[in-house]
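Single-structure report; data block below.
Just so you know, these numbers use all the heavy atoms, side chains as well, and skip hydrogens, waters and symmetry mates. Note that ligands are numbered from 1 as they come in the structure, with each ligand's atoms numbered from 1 the same way. Note that this is a predicted model, so its numbers are computed, not measured.
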Amino acid sequence: MAASRSASRALRASVKQLSASPAVTAQRRTLVSAVSNVCRVSATAPKAAAAGSWQQARGMKTIDFAGTKENVYEREDWPREKLIDYFKNDTLALIGYGSQGHGQGLNLRDNGLNVIVGVRKNGASWKEAQQDGWIPGTNLFDVDEAIERGTIVMNLLSDAAQSETWPAIKPKLTKGKTLYFSHGFSPVFKDLTNVDVPKDIDVILVAPKGSGRTVRSLFREGRGINSSVAVYQDVTGQALEKAVAMGVAVGSGYLYQTTFEKEVYSDLYGERGCLMGGIHGMFLAQYEVLRERGHSPSEAFNETVEEATQSLYPLIGANGMDYMYAACSTTARRGAIDWSKRFKDTLKPLFNELYTSVQDGTETKRALEYNSRPDYRQAFEKEMQEIRDLEIWRAGKAVRGLRPENQK
Ligand SMILES: NC(=O)c1ccc[n+]([C@@H]2O[C@H](COP(=O)([O-])OP(=O)(O)OC[C@H]3O[C@@H](n4cnc5c(N)ncnc54)[C@H](OP(=O)(O)O)[C@@H]3O)[C@@H](O)[C@H]2O)c1
């Protein structure tokens, strides 16, 4: 898109600043601009009065998102002392120490809460947990013992492992305990995962909208990640309050209320669509046509990926689509607005097909089958090698090498 180049150059300074901002890199699954604008609104909302006791509604903000009112909770209403008091009789048993386990577990520990980790003794996570200072027999146990000791059981195993281990875990989830997830996947698709939760316990969700590494890095910067919060089963009448408190304790800044079902549907749909699968498909289609029509690899890559990721997408993230259009040349703007309608009309049926495939469990079935295979790591690596070997990404490597920051 040559016409936007001058605009891109003019805006390079602000883009650089944005690219360096953790707020931009933090958001893998959410629409950053909408959220950050809303966060600014909520920051100005009147704060509930401080009190010795708090109620479920305290601290909740109702925010108008483009005409729809939604509930948002924020970290400011849960200072550390209040969290420590709230969970003073609890043992938080964090099961699994992968991406989320690491981030959420260290944040809980730094918040001064009584947290223990449960992982299998022969696995990689056991070693990693020890490296992070968890001590066997003190706050590091095998999965069974951790669940027995825990009052709030945080199931942070991979989604496939949650299904695989459920027959062993379920009997240990006795009355009075709380079951916590970071994805609605297992209980929502219980017909496929077999994760049928006991009827007499609270079941809650805090799903950080980003990688566990970001959950940790934002916390260390004194900030918080955006998360979804939901209740699947409320036996005590306190499930939502507990979920919000857990959300803040694991490192969330803002918590957006949803349901387990909506969380998992939107998450699976989004990552297959605009967040990853759809965008990769668009990149490939555009690049291939340029190459087939005689353009060089560098030109095809620059017009497809480099300008998008380095210049235009960060502007959309920071200021919205209208701002980005306004920052382009009139030529670019006219064509882009016209063609966006064509793309939308062409792609919408495909997005509907995708949503149905998520909703009817097809995507879950595929994920469970694939990720439960003993050789899934090798199969995944083979696919990654195939992607790495595509001309577009080999060209991309060379283009990235020319960026000033990559030149020694
Ligand atoms: N990653 C993200 O960006 C992200 C973001 C939001 C929500 N979530 C959700 O958070 C949850 C955890 O995801 P994650 O990405 O943190 O998981 P992950 O990195 O894949 O962690 C896997 C953990 O599960 C353990 N595990 C795997 N198979 C097991 C088995 N058969 N028995 C016992 N332990 C087993 C692993 O232990 P070993 O080392 O012993 O194999 C490891 O500790 C999921 O529900 C996911 O959807 C993830």
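- Scanning for salt bridge (charged side-chain N to carboxylate O under 4.0 Å, His left out) contacts around Arg342 gives an empty result, with sequence neighbours left out.
- Ala160 does not count as a contact of ligand 1, since none of its heavy atoms falls under 4.0 Å from the ligand.
- Of all atoms in ligand 1, numbered sequentially from 1 with element shown, those under 4.0 Å from a heavy atom of His183 are 45 (O), 47 (O).
- Short contacts between ligand 1 and Thr165, defined as distances under 4.0 Å to a heavy atom of the residue, involve ligand atoms 32 (N).
- Of all atoms in ligand 1, numbered sequentially from 1 with element shown, those under 4.0 Å from a heavy atom of Gly123 are 40 (O).
- Below 4.0 Å from some heavy atom of Asp159 lie the following atoms of ligand 1, by number and element: 44 (C), 45 (O), 46 (C), 47 (O).
- Ligand-side atoms of ligand 1 in range of Leu156: 12 (C), range being under 4.0 angstrom from any heavy atom.
- Put simply, the side chain of Ile116 does not reach to within 4.5 Å of the side chain of Leu140, judged on heavy atoms.
- The distance criterion of under 3.5 Å between nitrogen or oxygen atoms is not met by Asn155 with respect to ligand 1.
- Put simply, part of Ser211 is less than 4.0 Å from ligand 1, judged by heavy atoms.
- Shown here are the salt bridge (charged side-chain N to carboxylate O under 4.0 Å, His left out) partners of Lys177, two or more places apart in sequence or in another chain: there are none.
- When Ser125, Gly103, Ser227, Ser158 are ranked by how near their heavy atoms come to atom 20 (O) of ligand 1, first place goes to Ser158.
- Residues Gly118 and Ala146 approach most closely at CA-CB, 3.5 Å, considering heavy atoms.
- Put simply, the side chain of Arg75 does not reach to within 4.5 Å of the side chain of Ser252, judged on heavy atoms.
- In this comparison of Met154, Glu164, Gln100, Lys127, the heavy atom closest to atom 4 (C) of ligand 1 sits on Gln100.
- Proximity of Gln162 to ligand 1, defined as any heavy-atom pair under 4.0 Å, is confined to the side chain (atoms from C-beta onward).
- Looking at Val153 and Tyr180, their side chains never come closer than 4.5 Å, going by heavy atoms from C-beta outward.
- Ring planes of Phe283 and Tyr313: parallel class, angle under 30° (limits at 30 and 60°).
- The shortest separation from a heavy atom of Glu128 to ligand 1 is not under 4.0 Å, leaving the residue out of contact.
- Contact annotation: the side chain of Val197 never approaches that of Lys190 to less than 4.5 Å [non-hydrogen atoms, C-beta and beyond].
- Side-chain contact between Ile95 and Leu156: absent, with no pair of heavy atoms (C-beta onward) separated by less than 4.5 Å.
- The local environment of CZ in Arg366 is sparse, with at most 12 non-hydrogen atoms from other residues, nucleotides or ligands closer than 6.0 Å.
- Using a non-hydrogen distance threshold of 4.0 Å, Phe185 does not register as a contact of ligand 1.
- Close approach to Gly210 involves these atoms of ligand 1, each under 4.0 Å from a residue heavy atom: 3 (O), 5 (C).
- Near Gly96, meaning under 4.0 Å from one of its heavy atoms, ligand 1 places the atoms 43 (O).
- Listed by number with element, the atoms of ligand 1 under 4.0 angstrom from any heavy atom of Ala124 are 39 (O), 40 (O).
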